[in-house]
Each structure stands twice: as structure tokens, then as C-alpha cells.
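First comes the structure, then the notes that go with it.
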Number of protein chains: 2
Amino acid sequence: MNKAQGAMSYDELRGAIAQRHRALSGRLQQIAEFVLDHPTDVALGTVAEVAQRSGVPPSAIVRFAHALGFGGFTEMQQVFRSRLVAGVAPSYKARLARMKSEEKSVLGRQPAAVLSRFVSEAQSALVTLSQSVHARELDAATAILAKARDIYLLGLGGSFPVATHLAYVLRKLGRRVVLLDGTGGSIHEQSHAATTEDALVAISFRNYYPDTARLFPELVARGVPTISITDSLLSPIVEGASVVFEIQDMPEPALRTLVAPMCLVQAMAIGLDLAAD
Amino acid sequence: MNKAQGAMSYDELRGAIAQRHRALSGRLQQIAEFVLDHPTDVALGTVAEVAQRSGVPPSAIVRFAHALGFGGFTEMQQVFRSRLVAGVAPSYKARLARMKSEEKSVLGRQPAAVLSRFVSEAQSALVTLSQSVHARELDAATAILAKARDIYLLGLGGSFPVATHLAYVLRKLGRRVVLLDGTGGSIHEQSHAATTEDALVAISFRNYYPDTARLFPELVARGVPTISITDSLLSPIVEGASVVFEIQDMPEPALRTLVAPMCLVQAMAIGLDLAAD
DNA sequence: TCAGAAATGGAATGAATATTCTAATCGCAG
DNA sequence: CTGCGATTAGAATATTCATTCCATTTCTGA
């Protein structure tokens, strides 16, 4: 009733409820048991819904929140909601908050701190990658590459390193690769020979490089099987693609690490090689 | 507008949004992009909040929901909430178990298994990186780059993606960069203008690219301050370097992920930018 | 350039919601 | 059995919210 409950984590709240459980009145104990058993209902439901499911009148729910030191049900609900967002987005929220705060502090500006920040960012990007990429897509992608005579790679601007890396690995594995980099003329000319017998791997993140957005539909229209690696289903290289890998939470261009797409393309290339035997 | 949207999963909704995106009007497209980027905000926020964060009037949000075939915002929100609920149920343990089982199942030859192997390799590479790089070296490196007029980047063969990535980030930050890639002539000519006022970042791993081994000593001899990123103190770009970053345990060329050097160069670039203010 | 159509923004509206208030009930000591 | 304080339930209330409506602006095609 007296504690400051301003910023409380879900686990702390669980502890507080368990601790005070004995001291609560009958109805309030009943509610305590319900909310610990059904935290998701509390997070997303209204007072009336929670009241009905736990078999108490709505006002009792509000009294329960008051007894725990919250200003009302809405305030308590925030804690239950934080549990949901923590479960679904281990990277996103924490990353934004951390970057914001560290960016301004003196500590965050020292190169060593910057490095450790990028390392942990890369870690979470890898976790997200392994969760969001499904076996079906990878199988489809390697199948396309296996049948391709020549493999065309389209990745410009910030995505160029990914394309060059994939080119390097594929060539090491003996595949015929055409890297569309615009050197010595237009990309159009470089890609002119691509047919339905070949394959295209396109990589593009915001802001989508104009040439990529322009060339991609042309190759799709010519019937070239296409694997897209991008950060949004709305990107210009999604429509018409045979396989799409979506890599979420790419930070702004200067801050993105490319760790996730680099890993992905390498897994594609090596997986292709292993499956071929 | 016509589909029955009764029971729709979050992934299905994503697909539907992406599919109709082009057919939507300007404002609605803007909202489509926002909701795909901030699904959590949509799940937990009110119409007014979502409207404000996405920079549109509340009525537009409702029209967006209608355009997708929902009866209103509340109906659409249910789908976004289902994502939160799904994310919290199979918690940490289940995810780990899934990775473990996938790793062993039916050989490690399936593409999905290959990906998870690269991911965990990359994870450990990042840990090693943050342990082996010391603040003193990073400070020295950023100091060199801060004083440099032009920054020359030398990374060929398998290291080329690292060089292009560093070039991209440095240019985004407004630095003058010369990427030594041998396009349109010899690398020697490209590097001819480098002086003691400039700086060189050299990246090379086994087997050391011949051109790199040849060019590096020349620039050192001309007194160009040099930062080397390599995998052994015996590599040809160590002797004479002002700062050396040694990244150990690099696998054979085709299998290496470049995750560690990518992170390192980015931390260098951003650290340089933050320290400059 | 103009007319018609589509889209947009903002205010108005009515529903839904959390909260408060009060009368009734319960528990309990004397 | 009685009276008092704590507790409760449900109605009343004030607030917040989603939705609708309409005047205005912005596209589109001739």
C-alpha cells in the first residue's frame, strides 16, 4: 500500500504478490491466485473480463491493484504487458533503450564500449536470425541454386559486402557466379545474359538502393528464379521472388552489422554444397 | 475488403499486408509499413497512440483496418496480440531444445542445420572477439583514423567484404575513403597518393592474398600509419603496422563467417565518429 | 484546365472502460 | 445476542476510447 511501484518488473511483482498473499483478505487472495495463474489474461483483458474469469466483481480487481500499491488496474496491467513484450522481442526493445542511454553517456563513446555494444547487437541478431529463418525456405533456396547454371548476385550500397562474400564462397565451391556491381558499364548489361536456367540472389535493405529496385523486376519478368534477402516484406525485391528471407530489426544503415545476412548467405552456400553430394 | 478475416494468424496477416501494399493509397501504405515494423506497438497501444507514433490521424488507422477486411481497429489488434501470446508461451527452454534437436537430426547436412551451425560458430567468434580486443588498441586505432586526411582500405579476396563494409560506413560518416580494389588498373596506382597524413586499414587472413602482401610493405615504407586486422602475428601485414588486431581461430576460407572482423571494423568506425564530437 | 472521384483530416458521437461511491454484508469481540 | 469495523458487491460516474461522418484537399483522366 505504501511502496513506490513506479518501475517494477514482472518477476518482482510475482514476488511481491506471493509475499503479501497471507496478509490479504479472502477475495483479494482469490484474485492473487488467479493473476499468478493467468498473467496473459491480465495483460490483455479488461477489468470486466478479468473479473468474470476469476469470479469476482470488477471493483475487487481494482481494489487488488490498489492493495499492491498501484494507482489502479491500468497501472498494474503495464507490468503484465511488459512480460509479453519481453517474451517476444528479446532484442528490439532492450536494444533501443540501451543504445539511446549509452549513446549519450561518456562511457558509451569510448571505442571499447562501442565494440561491446556491437558485439551484443550481433549476438541478438544471430538469435533472431536462427528463429526467423525456416527450414522450408532454406531448402527451397538451395534447390534453386542447385539447378542454376550461373548464379547472379545483386547487392549494392550497404548490401554490397554481403554480395561479395557470397560471391567469394560460391566461387570457392566451384559455382559460376556473376557479381552485379556495375563496374565498367551498366548493371543491365552485366545481367543481360541471365535466363530461366540461371538464378538470382538479391540483397537489399533500407534505404533500398535504386538500381536494385529497378533491376530486380526486370529479371523477375524474364523468369529468372530469385532468392531475396531483405528487411521487410514491403521492400522492392519481394514481389515476384521465388524465396524471401526476411531479416528483421535492421538498424539504420551506418549502424547495421550485416552479421545476420552474412551468416545466412554462407549457410546457403555451404548447404548447397553439402546437399549436392 | 471481402475476405473473411475471422481467424487469421499474425504471419498470414503480414502476408496479406505485403500483398496488398501496392494497391493501398499513400497514407495507408505508410501505416502498413509502420505496423509491420512495430507490431508490438499495435498490439498494446490505443488507436490514438498508434496514430501518433506513425504520424497519421486516428481515423486513418481505422480505415487501414477496414481496408484489410477487419471490422475495426480492435479486431485487427487481436491478431497482433496473438503474436505476443504465442511468443511468451514456448519460452527459452523450448527454443533451446528445438535448436539442439535440429542440430542432431538427420545429419548436419540439411540447410537448416548448416545455418544453426554457422550461427553458433559466429556466436563464439563474437565472444572471442570481445575478449581479445583491448581498449588500448581500439583507442590507438581511432586516434590514427581521426588524424587521417584520406583513409585507404586494403582488403582483397576473402577479406574484400570487410573492406567494402568499412568503406560504406566511413563514407556514411563523412570520411574520405579510398577503397583499393584494383578496378580499372593496378592497386599500386590507386594507392600512389597515400602519404603520412593519411592512414591505411589492411585486412587479410590466410591464405594471404598476394597483392595485399606486396602492397602493404610499400605503404609502410612510405610512412603511412597503418591498422592491421589479421589472424596471426606472422601474417605479412603485421610488421610495421601501427596497430594490430589479431582475430584468432579463423576457419578455412570457405567456412569463415567474417562476423568478427565485420563487427570490429564497424566498432572502429562508429567509435571514431562518436569520439570526434 | 477542369470535372469527377478518391482520399484525407479532424471534429462529433456513442460505446466501452476504469474507477469511485455507498449501502449491505460479514466477522468477531464483548 | 449485539454493536463495530472491515470487507464486499453493485450501481453510478467520469474518463477514455474506437468509430463515424462530413467538409476539404488531393489525385486522375479528359
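The chains referred to below are lettered A, B, ... by the order of the sequence lines, with proteins before strands, and numbering in each begins at 1. Computed from a predicted model, the values in this text were never measured in an experiment.
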Worksheet entry | B:Phe73 atom CZ, neighbour heavy-atom count above 12 within 6.0 Å | yes
Worksheet entry | Comparing A:Arg63 and A:Glu49 on DNA chain C - which has the more 5′ nearest nucleotide | A:Glu49
Worksheet item: Side chains of B:Phe64 and B:Val56: closer than 4.5 Å at any heavy-atom pair?
Response: no
Worksheet item: Of all of residues 52-62 of chain B, which get a heavy atom below 4.0 angstrom from DNA chain C, listed by number?
Response: B:Pro57, B:Ser59
Worksheet item: Once you round it to whole Å, what is the distance between P of C:dT19 and NE2 of A:His66?
Response: 6 Å
Discussion item. Do A:Asp181 and A:Thr183 pair up side chain to side chain, a donor and an acceptor below 3.5 Å, judged on atom types alone?
Written reply: yes
Worksheet item: What integer distance in Å separates B:Gln77:CD from C:dA16:C1'?
Response: 14 Å
Worksheet item: How close or far is atom P of C:dA7 from atom CG of B:Leu28, stated in whole angstroms?
Response: 8 Å
Worksheet item: Quick one: are A:Leu129 and B:Leu115 in side-chain contact, heavy atoms under 4.5 Å?
Response: yes
Worksheet item: Do the non-hydrogen side-chain atoms of A:Pro236 and A:Thr212 ever get within less than 4.5 Å of each other?
Response: no
Practice prompt. Give the first and the last nucleotide of DNA chain D, reading 5' to 3', that has any atom under 4.0 Å from a heavy atom of chain B.
Written response: D:dC17 to D:dT20
Worksheet item: Quick one: are A:Val178 and A:Asp198 in side-chain contact, heavy atoms under 4.5 Å?
Response: no
Worksheet entry | Non-hydrogen side-chain atoms of A:Tyr10 and A:Pro39 separated by less than 4.5 Å | yes
Worksheet item: Starting at CZ of B:Phe73 and ending at P of C:dA16, how long is that distance when rounded to a whole Å?
Response: 17 Å
Worksheet item: Does the A:Ser228 side chain pair with the main chain of A:Ile237, one donor and one acceptor, at a distance under 3.5 Å?
Response: yes
